[in-house]
Engineer: 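Sharing a structure, written as structure tokens. Questions coming.
In this text the structure is predicted, and so the values were computed from the model without any measurement.
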2 protein chains.
Amino acid sequence: MTRKPLPQPEREEIRVETVLQALGEPVRLQIIRALADAPDGIACGEIELPVTASTRAHHLRILREAGVLTTHTEGTRRISALRREDLDTLYPGLLTGILAARQ
Amino acid sequence: MTRKPLPQPEREEIRVETVLQALGEPVRLQIIRALADAPDGIACGEIELPVTASTRAHHLRILREAGVLTTHTEGTRRISALRREDLDTLYPGLLTGILAARQ
DNA sequence: ATCGTACTACGAAGATCGTCGAACTTCGAC
DNA sequence: GTCGAAGTTCGACGATCTTCGTAGTACGAT
């Protein structure tokens, strides 16, 4: 099994402004909600989204570079998962607060 | 003393997406931080910001329409305050989490 | 080695956003 | 009533962002 981590910021490098900017977009919020239900992460392609694959990849990149999620490769698939521990440490309550809205 | 409230969404009308979008901007985050230190609100003009008055008015409007802050008129001045209770009720921990980052 | 799958990288097009200056409103003071 | 101060509204311009299609990479299976 191949396992390569993708470039992402260390916990110390994560900035609120970037995180909020990343979360303030409908599609990305949808991704976050899907990931919140899968503690071990899910394959990017399995998230139902109203956009094409390339747009999906773009949003996943934004979220990863903001430090919101982490992605590793498993064969040809990419598994993404929320960086819940890091976010909860840096901004206690933020993630919970956002997910509580659940529409 | 003149006291007129400015148009803002009811608590039920506040949407996470809009709130996050409003908070994901450096200048607006700066405004929020300034307001967090003033429970009773402060005059918009007294917040130090690296933008002109018209831009400041624009950002305050975005924040107010998102439901993040409330503004009322006192003479020629406008006093803004965080809608902390509403936000804490809707998204418990969100505001605290964001403010915990403090820079 | 070849094929199909899963995904990314690269422009490009269109929409949205942040910023400003100028004009206008509203209020208090003189 | 006239003036100045505080703030808003109205375009406008430039920058950023979302979206897409196409081309390309990496891997597993045959």
Side-chain angles (χ1 to χ4, degrees), chain A residues 1-8 15-32 34-35 38 40-66 68-81, chain B residues 1-8 15 17-35 38 40-66 68-81:
Chain A
M1 175 164 28
T2 322
R3 271 185 175 264
K4 280 184 202 160
L6 269 69
Q8 52 174 255
R15 294 179 315 165
V16 223
E17 180 200 307
T18 313
V19 171
L20 290 172
Q21 211 163 325
L23 296 174
E25 209 278 339
V27 177
R28 293 198 284 263
L29 206 49
Q30 211 170 325
I31 295 176
I32 296 304
L35 261 65
D40 297 330
I42 46 179
C44 310
E46 283 164 14
I47 308 173
E48 253 189 69
L49 293 175
V51 294
T52 63
S54 59
T55 304
R56 171 195 319 255
H58 166 70
H59 285 308
L60 284 167
R61 170 132 86 135
I62 299 278
L63 288 168
R64 192 186 66 237
E65 292 181 346
V68 177
L69 54 81
T70 183
T71 304
H72 69 265
T73 301
E74 276 185 19
T76 72
R77 303 163 72 204
R78 305 232 158 156
I79 309 296
S80 296
Chain B
M1 176 163 31
T2 322
R3 274 187 172 261
K4 282 181 199 162
L6 270 69
Q8 53 175 251
R15 293 179 316 164
E17 181 199 305
T18 313
V19 171
L20 290 172
Q21 212 163 322
L23 296 175
E25 209 279 338
V27 176
R28 293 198 285 262
L29 207 49
Q30 211 170 326
I31 295 176
I32 296 305
R33 294 212 171 101
L35 261 68
D40 297 330
I42 47 179
C44 311
E46 283 163 14
I47 308 174
E48 254 189 70
L49 293 175
V51 294
T52 63
S54 59
T55 303
R56 172 193 318 256
H58 166 69
H59 285 308
L60 284 166
R61 171 130 87 130
I62 299 278
L63 288 168
R64 178 167 44 84
E65 292 182 347
V68 177
L69 55 81
T70 183
T71 304
H72 68 264
T73 302
E74 275 185 21
T76 72
R77 302 164 71 204
R78 305 229 158 158
I79 310 294
S80 297

Engineer: I want to verify a distance call: between D:dT18, C:dC7, D:dG7, whose nearest atom is closest to the B:Ala43 side chain?
Structural biologist: D:dG7
Engineer: Which residues pass the side chain to side chain contact (heavy atoms under 4.5 Å, CB included) test with B:Glu48, sequence neighbours left out?
Structural biologist: none
Engineer: Which pair of heavy atoms, one from B:Thr73 and one from B:Gly75, lies closest together, and at what distance?
Structural biologist: CG2-O, 3.1 Å
Engineer: Scan nucleotides 2-4 of chain D against the protein and return all N/O pairs shorter than 3.5 Å with their distances rounded to 0.1 Å.
Structural biologist:
none

Engineer: To the nearest angstrom, how far is B:Leu6 atom CG from C:dT26 atom P?
Structural biologist: 13 Å
Engineer: Please list, chain by chain and in numerical order, all residues satisfying side chain to side chain contact (heavy atoms under 4.5 Å, CB included) with B:Ile32, sequence neighbours excluded.
Structural biologist: B:Leu23, B:Leu63, B:Val68, B:Leu82, B:Leu99
Engineer: So which protein N/O to nucleotides 1-3 of chain C N/O distances come out below 3.5 Å?
Structural biologist:
none

Engineer: Under the side-chain hydrogen bond (donor to acceptor under 3.5 Å, both in side chains) rule, collect the residues that match up with A:His59, sequence neighbours excluded.
Structural biologist: A:Arg28
Engineer: Taking only residues two or more places apart in sequence or in another chain, which ones pass side chain to side chain contact (heavy atoms under 4.5 Å, CB included) with B:Ala53?
Structural biologist: none
Engineer: Please give, in whole Å, the distance from C:dA29 C1' to B:Arg77 CZ?
Structural biologist: 15 Å
Engineer: What is the separation between atom CG on A:Leu49 and atom C1' on D:dC20, rounded to the nearest whole Å?
Structural biologist: 15 Å
Engineer: Please state how far atom CD1 in B:Ile79 lies from atom P in D:dT8, giving the value in whole angstrom units.
Structural biologist: 11 Å
Engineer: Between the side chain of B:Arg56 and the main-chain N/O of B:Ile47, is any donor-acceptor distance below 3.5 Å?
Structural biologist: yes
Engineer: In whole Å, what is the span from the CD atom of B:Glu25 to the P atom of D:dA15?
Structural biologist: 17 Å
Engineer: What is the distance, to the nearest angstrom, from the NE2 atom on A:His72 to the P atom on C:dC7?
Structural biologist: 12 Å
Engineer: Should B:Thr71 and B:Leu60 be marked as a side-chain contact (heavy atoms from CB on, under 4.5 Å) after you check the CA-CA gap, both sets of side-chain angles, and the distance that decides it?
Structural biologist: CA-CA 9 Å; B:Thr71 304; B:Leu60 284 166; 5.7 Å; no
Engineer: Looking at every heavy atom in both B:Gly41 and B:Ile79, which two are closest together, and how far apart are they?
Structural biologist: C-CG2, 3.8 Å
Engineer: Mind listing the residues from residues 53-61 of chain B sitting with a heavy atom below 4.0 Å of DNA chain C? Number order is fine.
Structural biologist: B:Ser54, B:Thr55, B:His58, B:His59
Engineer: Quick one: list whatever passes salt bridge (charged side-chain N to carboxylate O under 4.0 Å, His left out) with A:Arg61, sequence neighbours left out.
Structural biologist: A:Glu65
Engineer: Measure from CD on A:Gln30 to P on D:dT18 and round the result to the nearest Å.
Structural biologist: 14 Å
Engineer: When you measure from the side chain of A:Arg78, which nucleotide among C:dC7, D:dG7, C:dC20 comes out closest?
Structural biologist: C:dC7
Engineer: Just to verify, what does A:Gln21 make a side chain to side chain contact (heavy atoms under 4.5 Å, CB included) with, not counting sequence neighbours?
Structural biologist: A:Glu17
Engineer: Which residues pass the side-chain hydrogen bond (donor to acceptor under 3.5 Å, both in side chains) test with A:Thr55, sequence neighbours left out?
Structural biologist: A:Thr52
Engineer: Measure from CD on A:Glu17 to C1' on C:dG18 and round the result to the nearest Å.
Structural biologist: 13 Å
Engineer: Give A:Gln21 one of three labels, base, sugar-phosphate or nothing, depending on what nucleic acid heavy atoms sit under 4.0 Å from its own.
Structural biologist: sugar-phosphate
